[in-house]
Amino acid sequence: MPFPGRNPLTDQRAPRDPHAFIAGLPKAELHVHHVGSASPRIVAELAARHPDSKVPTDPEALVDYFTFTDFAHFIEVYLSVVDLIRTPEDVRLLTYEVARDMARQQVRYAELTITPFSSTRRGIDERAFMDAIEDARKAAEAEFGTVLRWCFDIPGEAGLESAEETARLATDDRLRPEGLVSFGLGGPEIGVPRPQFKPYFDRAIAAGLRSVPHAGETTGPQTVWDALTELRAERIGHGTSSAQDEKLLAHLAEHRIPLEVCPTSNIATRAVRTLEEHPIREFVKAGVVVTINSDDPPMFGTDLNNEYAVAARLLGLDELGIAELAKNAVHASFLDEAGKARIAGEIDAYTARWLAP
Ligand SMILES: Nc1ncnc2c1ncn2[C@@H]1O[C@H](CCC(=O)c2cccc(C(=O)O)c2)[C@@H](O)[C@H]1O
Ligand SMILES: [Zn+2]
């Protein structure tokens, strides 16, 4: 704590230069998708490898291509980028380059959501897939200092076959990668009830994985309750609609279940109408642990630094408040205690240096 006795989320003063402060702030990211992190540079390189794809390579055309009419349209475009990942070398390139982009933003640790089913069903050998992500993880940690961990998610709309395959890949001792820490559920929520995935989450949890489903992104608070009671969620991806249910907010606050908030994503997929209407303020007011994340940054024209700047503006935070948000993510992560203490210490030291007269 650089300034004991002060409550960083309420006692605020205007920051000198929030963007510069955020750019240098050590950070952890808990909700970011592997394929959804492919920058225009990575997309262009993959599209050049596979010229039959309909994904544009020109960055300006990509901005148009990444403008979504609704959540279903977003998923359609997302899957066209998934179609660009065809070989283990594509998987390795994507993973390694994503880590490079994270390191540039001072991301020290990230839990990257990967959908192995989408790759294995497209014909990538499962062993080669695991080797590619692990190889990239180790190279990225050695070269950029960014520690990566994996969340394997079920693409719920692809049905129970995808749940079975994801649970198998995540729990088979011969396949399961060393960096895997958690098990998730993504894709559209409408018409994809969470409770049907309980047996697969039970298997993953029994194998030592942590439960982090998306819930309440495009449907109401009941989906968040289902994620908590049926899937035993330890954090909630988005959880946006929790703001509609006071009891749910109180439950999240009391049990310290963090929300992985991704403000710009919610606008880009039209889950929330405008940033001003985003419920992040209600979450903080109710005492819910809020973490800031970027989801699919290039697709939403954002990055993690920008998400912190958006959150700082919506919550009216100064540097200490911003640093507190960054520490929320560290403490809500699945890092060990020593790893958490190291990054939290770096955040405090950086903030104290920044604020020193
Ligand atoms: N904001 C988001 N909210 C939710 N999810 C998000 C978000 N951003 C990215 N995702 C990713 O989208 C995938 C969706 C993939 C999917 O639905 C699907 C359906 C049918 C077939 C196949 C296939 O591969 O053949 C895939 C999820 O698994 C998730 O990792
Ligand atoms: Zn997501």
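The shown structure was predicted, so the numbers you read here are calculated from the model rather than taken from an experiment. Start at 1 and go down the list; that is how both ligands and their atoms are numbered. All residue numbers refer to positions in the sequence shown, counting from 1.
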Under 3.5 Å, N or O to N or O, is [X] touching ligand 1 that way?
X      : result
Glu157 : no
Thr269 : no
Glu217 : yes
Gly187 : yes

Checklist entry - Is it true that the NZ or CZ of Arg122 lies under 6.0 Å from the centre of Phe117's six-membered ring and within 45 degrees of the ring axis? => result no
Checklist entry - Between Phe183 and Tyr200, is the ring centre distance below 6.0 Å? => result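 Centroid separation for Phe183 and Tyr200: 6.0 Å or greater.
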Next on the checklist: When you compare the side chains of Glu111 and Ser333, does any donor N or O come within less than 3.5 Å of an acceptor on the partner?
Outcome noted: no
Next on the checklist: I need the Met299 CE to Ser265 OG distance, nearest 0.5 Å.
Outcome noted: 11.0 Å
Checklist entry - Of Phe152, Tyr78, Phe74, Phe71, which has the heavy atom at the shortest distance from atom 12 (O) of ligand 1? => result Tyr78
Checklist outcome for this item: Numbered in order shown, the ligand 1 atoms found under 4.0 Å of a heavy atom of His238 are 1 (N)
Item to check | Numbering as shown, the atoms of ligand 1 that approach Ser118 to under 4.0 Å (heavy-atom distance) | outcome: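 Atoms satisfying the 4.0 Å criterion: 23 (C), 24 (O).
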Checklist entry - Quick check: does His31 have an N/O/S atom under 2.8 Å of the Zn ion (ligand 2)? => result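 So His31 counts as coordinating the Zn ion (ligand 2), yes.
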Checklist entry - Within less than 2.8 Å of the Zn ion (ligand 2), any N, O or S from His214? => result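 Checking the Zn ion (ligand 2) against His214, an N, O or S atom does fall under 2.8 Å.
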Checklist entry - Sub-3.5 Å donor-acceptor pair from the side chain of Asp303 to the main-chain atoms of Asn305, do we have one? => result yes
Next on the checklist: Can you tell me how the ring of Tyr96 sits relative to the ring of Phe144, calling it parallel under 30°, perpendicular over 60° and tilted otherwise?
Outcome noted: tilted
Checklist entry - At a non-hydrogen distance cut-off of under 4.0 Å, which region of Pro188 contacts ligand 1 (side chain, backbone, both, or neither)? => result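 Pro188 to ligand 1: side-chain contact only, backbone stays beyond 4.0 Å.
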Next on the checklist: I'd like to know if Asp135 and Arg92 make a salt bridge, using a cut-off of under 4.0 Å between side-chain N and carboxylate O.
Outcome noted: yes
Checklist entry - Partners of Thr223 by side chain to side chain donor-acceptor pair (under 3.5 Å), sequence neighbours excluded? => result Thr219
Checklist entry - Asp295: which N/O/S atom is nearest the Zn ion (ligand 2)? => result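 Minimum-distance N/O/S atom of Asp295 relative to the Zn ion (ligand 2) is OD1.
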Checklist entry - Looking at ligand 1, does Arg122 have a heavy atom less than 4.0 Å from it? => result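 Yes, Arg122 has heavy atoms under 4.0 Å from ligand 1.
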Checklist entry - At a 4.0 Å cut-off, with the gap strictly under it, does some heavy atom of Val82 reach an atom of ligand 1? => result no
